[in-house]
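Below is one structure, written out as structure tokens, with a few remarks after it.
Side chains are part of it too, since the values below use all heavy atoms of this structure and drop only hydrogens, waters and symmetry mates. Order of the sequence lines fixes the chain letters, A, B, ..., with proteins taken first and strands second; residue numbering starts at 1 for each chain.
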Number of protein chains: 2
Amino acid sequence: MLRISKLTDYAVVLATELASGTAPRSVTRLSAITGIPAPTTSKVLKSMTRAGLVDSVRGKTGGYRLSRPADRISVAELIRAIEGSIAVTECADENDGYVCSLQGDCGVRANWQRINRAVEEALESVRLSDMAVPNSPLVPLLRSQDEAEEKRHAEALEVENHG
Amino acid sequence: MLRISKLTDYAVVLATELASGTAPRSVTRLSAITGIPAPTTSKVLKSMTRAGLVDSVRGKTGGYRLSRPADRISVAELIRAIEGSIAVTECADENDGYVCSLQGDCGVRANWQRINRAVEEALESVRLSDMAVPNSPLVPLLRSQDEAEEKRHAEALEVENHG
DNA sequence: CAAATACAGGACTCAGCCGGTCCTGATTGA
DNA sequence: TCAATCAGGACCGGCTGAGTCCTGTATTTG
Ligand code: FES
Ligand code: FES
């Protein structure tokens with residue numbers, strides 16, 4: 001039903017938890033806090049590591065920690081880390097060299113791609129730091145977000161300037 | 001991958017095809033036109049009928065036709081007809097009396113619900129009549145994103161001017 | 001060094017559901 | 001009445017999502 005997988009949900013939960021501190025925390029620890037079964041927690045974190053969203057530290061005092069500040073990680077990235085490229089429809093996937101089995105090119109395709117891009121950009125604009133706040137006015141997303149968008153835009157520019 | 005099911009894709013294709021005329025067309029016919037296997041075509045159309053999106057006419061000259069003008073049918077409705085309620089995450093589903101197995105209420109939930117609502121509204125705003133046009137500037141959807149969006153906007157304007 | 005703790009990587013299982021088929025009616029036009 | 005069409009299920013095979021487990025490697029600490 002236009003679902004993201006449960007594992008991706010876990011990824012977000014784990015990431016928000018990690019966002020609350022800088023010291024690495026172990027799988028055991030995180031599992032206990034979040035209620036996600038330990039082996040699964042491990043699996044998800046490993047994917048996140050491969051995607052470069054978290055850093056792993058081995059050894060006795062090891063564990064996982066975010067690789068970047070929470071406002072530099074988007075929900076879209078988290079989704080992509082677990083599920084691969086975001087594609088609402090099979091023929092909406094622009095990366096993959098997929099050829100639709102139906103009528104060669106049925107116009108619908110281009111429109112799906114646009115919808116897809118819109119959704120993706122929306123998810124891109126929601127950052128982990130937003131998710132961490134229980135009921136933040138984070139997701140205007142649609143229309144009338146002028147001010148929120150502008151604020152974000154300004155922030156982005158600021159960040160760029162600092163880099 | 002944040003996918004809608006293939007069947008839903010079929011539903012959209014079939015609906016756009018139906019939008020091109022008012023006389024009922026049979027499953028056999030539609031299957032031939034779209035390239036969707038006949039039994040599957042039938043299945044999808046049956047779901048759409050139950051959802052009230054198309055009318056069915058039995059008998060020798062029967063078939064399916066849209067129950068409303070194409071600009072009165074949204075993509076969201078088509079999705080819902082096939083997949084049920086739109087819910088990005090399990091805990092984003094507001095209808096269902098679902099209780100998250102993780103930490104009772106982890107803040108993330110409210111945010112998912114917002115994202116969910118945003119996506120849903122976006123899909124609601126895209127109508128079948130939009131999908132029927134091969135490359136319509138149909139999907140502003142989320143406005144004023146970044147420069148990419150702006151460029152896109154420019155393209156759209158150009159198209160409008162040409163029309 | 002050796003033991004204990006943690007992550008890395010991948011094989012494996014199990015269940016659910018998606019895509020697809022088919023069969024048995026009920027309706028209706030010719 | 002006959003043929004075409006939809007209605008409503010039952011049914012099935014395969015994929016993949018969720019979860020587990022095992023083996024190996026790195027790091028800390030005594
Ligand atoms: S549905 Fe894939 S090109 Fe039309
Ligand atoms: S993930 Fe469901 S309430 Fe937090």
Side-chain angles (χ1 to χ4, degrees), chain A residues 1-14 18 23-32 34-65 67 79 81-84 87 89-91 100-102, chain B residues 1-14 18 23-32 34-65 67 79 81-84 87-90 100-102:
Chain A
M1 300 138 204
L2 195 67
R3 285 261 149 103
I4 62 173
S5 81
K6 223 173 187 176
L7 293 189
T8 305
D9 193 6
Y10 294 165
V12 175
V13 172
L14 288 168
L18 286 177
R25 264 158 294 171
S26 73
V27 164
T28 318
R29 185 88 184 285
L30 290 168
S31 166
T34 60
I36 303 168
T40 304
T41 302
S42 167
K43 188 183 199 176
V44 172
L45 285 168
K46 277 185 265 188
S47 294
M48 292 167 75
T49 306
R50 274 190 288 268
L53 297 176
V54 302
D55 288 337
S56 67
V57 182
R58 298 205 207 191
K60 204 158 195 173
T61 62
Y64 292 92
R65 87 173 91 90
S67 68
I79 296 180
I82 309 294
E83 319 199 0
T89 310
E90 220 158 0
C91 31
C100 183
S101 51
L102 311 185
Chain B
M1 302 144 194
L2 197 64
R3 283 261 148 101
I4 62 174
S5 81
K6 223 172 186 176
L7 293 189
T8 305
D9 193 6
Y10 293 165
V12 175
V13 172
L14 288 168
L18 286 176
R25 264 158 297 171
S26 73
V27 165
T28 319
R29 186 87 184 286
L30 291 168
S31 165
T34 59
I36 303 168
T40 304
T41 302
S42 168
K43 188 184 200 173
V44 171
L45 285 168
K46 277 185 266 188
S47 293
M48 292 166 75
T49 306
R50 274 189 287 269
L53 296 175
V54 303
D55 287 338
S56 66
V57 183
R58 297 204 209 194
K60 202 158 196 172
T61 62
Y64 293 91
R65 85 173 94 90
S67 68
I79 296 179
I82 308 295
E83 320 200 359
V88 174
T89 310
E90 223 159 354
C100 185
S101 50
L102 311 184

**Q.** Out of C/dT21, C/dC7, D/dA7, whichever nucleotide has its closest atom nearest the side chain of B/Thr40
**A.** C/dT21
Q) Taking the side chain of B/Pro39 as its heavy atoms from C-beta onward, which of D/dG17, C/dT21, D/dA7 lies nearest to it? A) C/dT21
Q. Are any of B/Tyr64's side-chain N or O atoms less than 4.0 Å away from OP1 or OP2 of D/dA7?
A.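 True: B/Tyr64 side-chain N/O within range (under 4.0 Å) of D/dA7 OP1/OP2.
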Q) Does a side-chain N or O from A/Ser56 land closer than 4.0 Å to OP1 or OP2 of C/dA8, or not? A)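 Yes, such a contact exists.
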Q | Min side-chain heavy-atom separation B/Leu30-B/Leu18 under 4.5 Å | A | yes
Q: Over all heavy atoms of both residues, which pair between B/Ala38 and B/Ser31 is shortest? Give the atoms and the distance, please.
A: N-OG, 3.4 Å
Could you give the [atom1]-to-[atom2] distance, from [X] to [N], as a whole number of Å?
| X | N | atom1 | atom2 | answer |
| --- | --- | --- | --- | --- |
| A/Met48 | C/dA8 | CE | P | 12 Å |
| B/Asp9 | C/dG20 | CG | C1' | 16 Å |
| A/Leu7 | C/dA15 | CG | P | 18 Å |
| A/Leu30 | C/dT5 | CG | C1' | 15 Å |
| B/Leu14 | D/dC6 | CG | P | 12 Å |
| B/Ile82 | C/dC17 | CD1 | C1' | 15 Å |
| B/Ile36 | C/dG19 | CD1 | P | 12 Å |
| A/Tyr10 | D/dA18 | OH | P | 8 Å |

Produce the list of close N/O pairs, under 3.5 Å, pairing protein atoms with atoms of nucleotides 24-30 of chain D; give distances to one decimal.
{"from": "D/dT25", "atom 1": "O2", "to": "A/Arg58", "atom 2": "NH1", "distance (Å)": "2.9"}
{"from": "D/dA26", "atom 1": "O4'", "to": "A/Arg58", "atom 2": "NH1", "distance (Å)": "3.4"}

Under 3.5 Å between N/O atoms: give me all the protein pairs with nucleotides 9-12 of chain C, atom names plus distance.
{"from": "C/dG9", "atom 1": "OP2", "to": "A/Arg50", "atom 2": "NH1", "distance (Å)": "3.2"}
{"from": "C/dG9", "atom 1": "N7", "to": "A/Lys46", "atom 2": "NZ", "distance (Å)": "2.6"}
{"from": "C/dG9", "atom 1": "O6", "to": "A/Lys46", "atom 2": "NZ", "distance (Å)": "3.3"}

Q: Report the distance from atom OH of A/Tyr10 to atom OG1 of A/Thr34, rounding to the nearest 0.5 Å.
A: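 Reported value, rounded in 0.5 Å steps: 9.0 Å.
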Q | From A/Leu7 atom CG to A/Ile79 atom CD1, the distance as rounded to the nearest 0.5 Å | A | 13.0 Å
Q) Ignoring hydrogens and geometry, is there a side-chain-to-backbone donor-acceptor pair from A/Glu83 to A/Ile4 under 3.5 Å? A)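 Side chain of A/Glu83 to backbone of A/Ile4: no pair is present.
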Q) NA contact type, A/Thr28, heavy-atom cut-off 4.0 Å: base, sugar-phosphate, or nothing? A) nothing
Q: Take A/Ile4 and B/Leu45, find for each the nucleotide of DNA chain D with the closest heavy atom, and name the residue whose nucleotide sits nearer the 5' end.
A: B/Leu45
List the atom pairs, with distances to 0.1 Å, where a side-chain N or O of residues 41-57 of chain A and a protein N or O form a donor-acceptor pair under 3.5 Å, not counting sequence neighbours.
{"from": "A/Thr41", "atom 1": "OG1", "to": "A/Ile36", "atom 2": "O", "distance (Å)": "3.1"}
{"from": "A/Thr41", "atom 1": "OG1", "to": "A/Pro37", "atom 2": "O", "distance (Å)": "2.9"}
{"from": "A/Thr49", "atom 1": "OG1", "to": "A/Leu45", "atom 2": "O", "distance (Å)": "2.7"}

